[in-house]
Structures are given as C-alpha cells and as structure tokens.
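All remarks here apply to the structure that follows.
Throughout, a chain's letter reflects where its sequence line sits, starting with A, and its residues are numbered from 1.
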Amino acid sequence: MHDINAIRKDPDAFDAAMATRGVSSCAADMLVLDDKRRAAIAEAQDLQTRRNEASKKIGQAKGQGDDAEAQRLMDEVAGLKEELQKAEEVERVTNAELTEALAAIPNLPLDDVPVGQDEDANVEIRRHGKPREGKAEHFEIGEALGMMDFETAAALSGSRFVVLRDALARLDRALGNFMIDLHINEFGYRETALPVLVRDDAVYGTGQLPKFAEDLFRTENGYWLTPTAEVTLTNLVREQITDAAALPLRFTALTQCFRSEAGAAGRDTRGMIRQHQFTKVELVSIVDAESGEAELERKTQCAEEVLKRLELPYRVMQLCTGDMGFGARKTYDLEVWLPGQNAYREISSVSYCGDFQGRRMNARYRHEGEKQTHFVHTLNGSGLAVGRTLVAVLENYVNEDGTVSVPEVLRPYMGGLEIIGETNG
RNA sequence: GGAGGGGUGGCUGAGUGGUUGAAAGCGGCGGUCUUGAAAACCGUUGAGCGUUUGCGCGUUCCGGGGGUUCGAAUCCCUCCCCCUCCGCCA
C-alpha cells in the first residue's frame with residue numbers, strides 16, 4: 001500500500017519507479033481520484049459543522065422548553081441532511097476506489113536495485129562452497145531408497161504431493177528442527193506456533209490479496225491456507241502501536257505452507273521442488289524506518305548460515321526490479337547447488353518491504369515521549385524452505401552406492417544416524 | 001451445533017437520544033514539597049483525516065459496516081470477536 005501523499009508530492013518519480021517494475025504510469029489517475037475525494041471530505045465537513053451547530057441550538061431550545069424556536073431551527077437545517085449524505089457517498093466511493101487502486105500496485109524498488117525485466121537481469125552477489133557434479137536427481141535417489149513415494153501421494157491427493165517414509169521422513173523433521181534451533185539460539189528469533197488458516201485481512205495485510213487470490217487455497221467457509229508463515233508472523237503486530245524500544249522484533253516459525261501453483265503448470269512437475277504443501281522455516285522482522293536495510297543483510301546471513309552448516313554450496317542473487325515480489329523493495333535470493341539438475345535453484349528469498357505491509361496492516365510504532373506514530377517496516381525470508389533443503393541434501397550427499405550420508409549437524413537430530421539406506425537405516 | 005451474556009481511551013470501569021471524545025479510579029508524564037525518594041497535593045495524558053508556512057481551526061472514531069433522527073456510545077439491522085452453560089470432540 002502506497003502513501004497517496006507521497007505520490008501527490010512527486011507523481012513523476014513514482015511513475016518512473018513503477019516503470020522499472022513493468023507497471024505503466026498510474027499516478028495521474030489516482031491523483032484525480034484523490035482530488036475528488038478531498039473535495040468531498042471538505043464539503044462533508046463543512047456541512048457537518050453547520051448541522052452540529054444547529055443541533056446544539058435545538059437541544060438548548062428544547063431544554064428551555066422553547067418548542068417554537070426548536071421547530072424553526074429544525075426547519076432551517078432540514079435540507080442539510082440530503083446534501084450531507086450526497087457528499088459522504090462521494091467520499092466513500094472515491095475513497096474505496098483510491099484504496100483499491102493503491103492496493104493493486106506493487107512496492108517501489110530501492111535505488112540500488114538493478115533494473116531489469118526478469119530473472120536474467122538478476123545480479124550475483126557472492127558464492128559459497130564448491131559445486132560438485134552429480135548424476136541423480138533427488139526423486140531418483142529417494143525412490144531408489146524406497147523412502148520417497150509420489151505414486152501413493154497421488155492416490156491420496158493428486159500431483160504435487162509426496163509421501164516420505166522412514167529416514168527421509170525423519171530427515172525432513174530433523175532439518176526443520178535444526179534450522180529453527182539455529183535461529184532461536186544464535187540469532188535471537190522468537191519461536192512462534194501459528195494458525196495456518198487465516199481470514200482475508202491477514203492475507204491482505206502482507207499483500208497476497210487482493211491480487212493473488214488464485215495462488216492460494218481457500219476453505220469452503222472462507223479461510224485461506226497460509227502460503228507462507230510470512231503472513232501470520234508479520235500480522236502479529238497488525239493494528240497495534242509498538243513501543244519503538246521493543247524493536248526490532250524477530251519471529252520465526254516452522255509451518256506447513258500451501259500454494260495452488262496456479263501459474264506453474266508444467267514447471268517442476270517431477271519431484272519435491274514445487275509442491276502444493278511444504279514445510280518452511282520463516283524469518284520475519286519488524287523494525288523501525290532506519291533499520292530496514294541493515295536488517296535485510298543480517299537476515300540474509302541468518303539464512304546463509306543454515307546452508308553453510310549443512311555444507312551445501314550456494315550463491316546469493318540480488319533480484320532485479322522486474323523479478324521482485326509484489327511487496328518487496330529489495331530482495332536477495334539464496335540459490336543452492338543441485339548436482340542432479342546441474343544448476344543453482346532458489347531455496348530462500350529474503351525481502352525488505354519498507355512500510356508497505358505496515359501500512360496495509362495499520363501496524364505502527366512510536367518513540368517514547370513522541371506523539372507521532374510511524375508505520376513499521378517489515379522483512380521476511382525463508383530460513384529455509386525445508387522441502388528444497390531435503391532435495392539439496394539428497395543430491396549433494398548421495399554416495400556411489402545410492403546411500404545418502406547425513407550432514408554432520410543433522411546427526412544429533414537423526415538419533416546419530418550417519419548413512420541413510422544402509423540395511424535398516 | 002443450541003441457549004444466554006458481553007465488546008467504551010494504556011488498563012479497570014460509569015454512561016440508554018442533546019455542549020460526552022466520553023465520569024471515576026489505576027497507570028504514564030510534568031510540577032509543588034523533600035538532602036534524595038516515598039506519600040500527599042496540583043496539572044497533564046487517545047487515534048485518524050481535512051485544512052494551514054506555522055500557532056491553530058474543523059471533522060470523524062465508544063468492535064466493523066449500514067440505518068433511524070435536526071442530533072446516536074445510547075434506538076434498529078447486519079457482520080466479527082470474547083465469555084458462560086449444554087452438545088460434540090483431539
């Protein structure tokens with residue numbers, strides 16, 4: 001959600017920034033609406049003033065028993081009501097139109113975001129680890145182990161689901177536990193257990209609604225299944241005024257995520273890369289206006305640390321203007337090396353959203369002793385997507401004989417197991 | 001799912017149509033007093049929006065939305081949430 005006052009101040013700059021995201025100029029249309037809206041407000045307020053004054057006098061006259069005077073005043077303001085309703089209707093309609101228009105516009109990129117149309121214009125920031133060659137994709141490895149079962153999953157739920165068994169099921173759980181422990185013990189995130197079913201307002205607050213409803217699952221009685229814990233963790237502060245001294249707030253959660261993948265027909269149809277349901281550890285920060293960019297760097301490092309400790313090679317990409325998500329001002333993607341695909345694939349996306357979500361959620365903070373409130377700035381990032389991490393572990397740790405070594409840091413979470421696939425492993 | 005009771009400022013809680021944005025208390029802030037602190041006393045203390053260079057002025061908000069009325073925290077409709085009892089249930 002954008003601040004209409006900021007657009008009014010410099011509509012050309014707004015349009016220019018939007019152009020880099022592939023959004024055609026729209027400031028002028030909104031300013032027309034805004035003018036109409038403000039004129040209606042002024043008119044309505046003027047009418048209200050006159051009505052309030054008259055009403056007060058009527059009350060006084062009645063209090064003194066002067067019914068004739070009261071009646072005279074009532075006749076005098078009789079016409080006001082209709083006028084007022086008209087002005088209020090204009091105000092309501094224009095306000096709704098303006099809000100709707102503003103809600104459909106993506107966030108503004110920061111100045112240092114590379115301009116480009118799509119992922120080809122993304123910029124590599126750094127690399128870590130040495131990629132190795134591989135032959136097998138994760139589903140081949142998993143199926144050979146007899147622990148990754150897409151057929152049974154299809155019988156239960158259709159495509160884009162998986163059943164994991166035995167050591168792979170446990171590996172999935174181990175990964176989630178390892179990640180969340182790292183973030184709460186070493187990086188100061190507060191663990192949170194959350195609903196996965198939420199109402200419209202929450203999904204609107206983080207920006208998935210109203211534009212991206214088709215990407216979400218919805219229950220028959222109107223709940224949305226959260227596509228990411230970003231939704232719930234960020235909305236933790238909605239409609240509140242937080243004491244600035246309490247910032248930054250850092251939340252993490254391990255949750256199931258649900259995505260319809262409506263626009264992804266034919267992409268990554270095999271395997272666990274793109275599922276309707278997957279687990280993810282999410283990292284959300286609520287910060288003040290000054291700390292957002294530094295927090296983005298910090299959060300990115302928190303996510304990278306997971307890959308470092310798992311000894312998985314990866315690179316950090318900065319997304320260009322055209323490839324960033326709707327609510328983001330600046331985004332880093334972490335791409336893990338997948339030997340089976342001979343490619344880097346996204347495993348985390350860390351974004352700074354400015355006050356875009358704070359405004360939509362009406363989430364504010366205030367410095368002690370100051371009257372002024374400010375919208376909170378928000379950041380979110382995966383730390384990491386557990387399903388894709390499992391994929392990466394399989395492809396990077398598979399041995400010649402088809403067994404899979406368990407990364408050192410996960411062994412305590414696996415009951416000491418070192419190799420998956422050996423006899424009863 | 002059935003029946004009933006509620007949602008008022010940071011908190012507790014009055015207020016059932018007329019200077020009520022809202023009594024009172026608590027909490028917060030400032031001051032008097034004090035070597036300092038406490039106590040006591042005095043003052044002050046909600047969030048938006050519009051307008052203005054600014055002081056300010058105006059306006060809206062008593063869970064959300066709509067309605068009745070010259071006038072709504074107060075009456076009506078509707079939705080949401082919370083609580084109690086019953087039913088069901090991990």
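A cation-pi geometry, defined here as NZ or CZ lying under 6.0 Å from the six-membered ring centre and within 45° of its normal, holds between Arg360(A) and Tyr204(A).
Between the CD atom of Gln48(A) and the C1' atom of rA72(B) there is a distance of 14 Å, rounded to whole Å. One atom, CG of Asp34(A), and another, P of rC49(B), lie 13 Å apart when rounded to the nearest Å. The distance between atom CG of Asp35(A) and atom P of rU51(B), rounded to the nearest whole Å, is 10 Å.
Rounded to whole Å, the C1' atom of rU20(B) lies 26 Å from the corresponding atom of rC81(B). Nucleotides rG10(B) and rU44(B) have their C1' atoms positioned 15 Å apart, rounded to a whole Å. Rounded to a whole angstrom, the distance from the C1' atom of rG6(B) to that of rG56(B) is 41 Å. Nucleotides rG7(B) and rG71(B) have their P atoms positioned 26 Å apart, rounded to a whole Å. Only the C1' atoms considered, rA47(B) is 15 Å distant from rA22(B), to the nearest whole Å. Between rU53(B) and rG64(B), the distance separating the two C1' atoms is 38 Å to the nearest Å. One C1' atom belongs to rC11(B), the other to rG87(B), and the distance between them is 36 Å to the nearest Å. The separation of rC83(B) from rC77(B), taken at their C1' atoms, amounts to 24 Å, rounded to a whole angstrom.
The side chain of Arg199(A) sits closest to rC81(B) out of rG48(B), rC70(B), rC81(B). With rU51(B), rC70(B), rC49(B) as the choices, the nucleotide that has an atom nearest any side-chain atom of Arg38(A) turns out to be rU51(B). With distances taken from any side-chain atom of Arg366(A) to the nucleotides rG71(B), rU69(B), rG46(B), the minimum falls on rG46(B). The side chain of Asn52(A) lies closest to rU60(B) when the candidates are rU60(B), rC70(B), rG50(B). With distances taken from any side-chain atom of Gln85(A) to the nucleotides rU68(B), rG66(B), rU59(B), the minimum falls on rU68(B). Listed candidates were rG50(B), rC70(B), rA47(B). Nearest to the side chain of Ile41(A) is rG50(B). Across rG48(B), rU59(B), rG50(B), the shortest atom-to-atom separation from the side chain of Thr373(A) is found for rG48(B).
Partner assigned to rC89(B) is none, using Watson-Crick or G-U wobble distances below 3.5 angstrom. With a cut-off of 3.5 Å on both pairing distances, the Watson-Crick or G-U wobble partner of rC26(B) is rG10(B).
Proximity of Lys81(A) to the phosphate of rU69(B): a side-chain N or O atom is located under 4.0 Å from OP1 or OP2. The side chain of Arg51(A) places an N or O atom within less than 4.0 Å of a non-bridging phosphate oxygen (OP1 or OP2) of rU60(B). Between rU59(B) and Thr49(A), a contact under 4.0 Å exists linking OP1 or OP2 to a side-chain N or O.
At the heavy-atom level, Arg37(A) lies under 4.0 Å from the strands shown only through sugar-phosphate atoms. Here Arg92(A) lies in heavy-atom contact (under 4.0 Å) with sugar-phosphate atoms only.
With the nearest nucleotide of RNA chain B identified for both Lys56(A) and Gln45(A), Lys56(A) has the one nearer the 5' end. Between Arg50(A) and Met74(A), the residue whose closest nucleotide on RNA chain B is further toward the 5' end is Arg50(A).
Other residues, nucleotides and ligands contribute over 12 non-hydrogen atoms within 6.0 Å of the CZ atom of Arg411(A).
By the 4.0 Å N-to-carboxylate-O rule, Glu186(A) lies close enough to Arg309(A) to be salt-bridged with it.
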Would you please test Arg8(A) and Asn5(A) for side chain to side chain donor-acceptor pair (under 3.5 Å) and show each step?
CA-CA 5 Å; Arg8(A) 198 191 310 151; Asn5(A) 295 310; 2.8 Å; yes
Run the side-chain contact (heavy atoms from CB on, under 4.5 Å) check on Phe161(A) and Leu156(A) step by step: do they pass?
CA-CA 9 Å; Phe161(A) 290 93; Leu156(A) 301 178; over 6 Å; no
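No option in Arg345(A), Arg160(A), Gln341(A), Gln275(A) other than Arg345(A) meets the side chain to side chain donor-acceptor pair (under 3.5 Å) test with Asp268(A).
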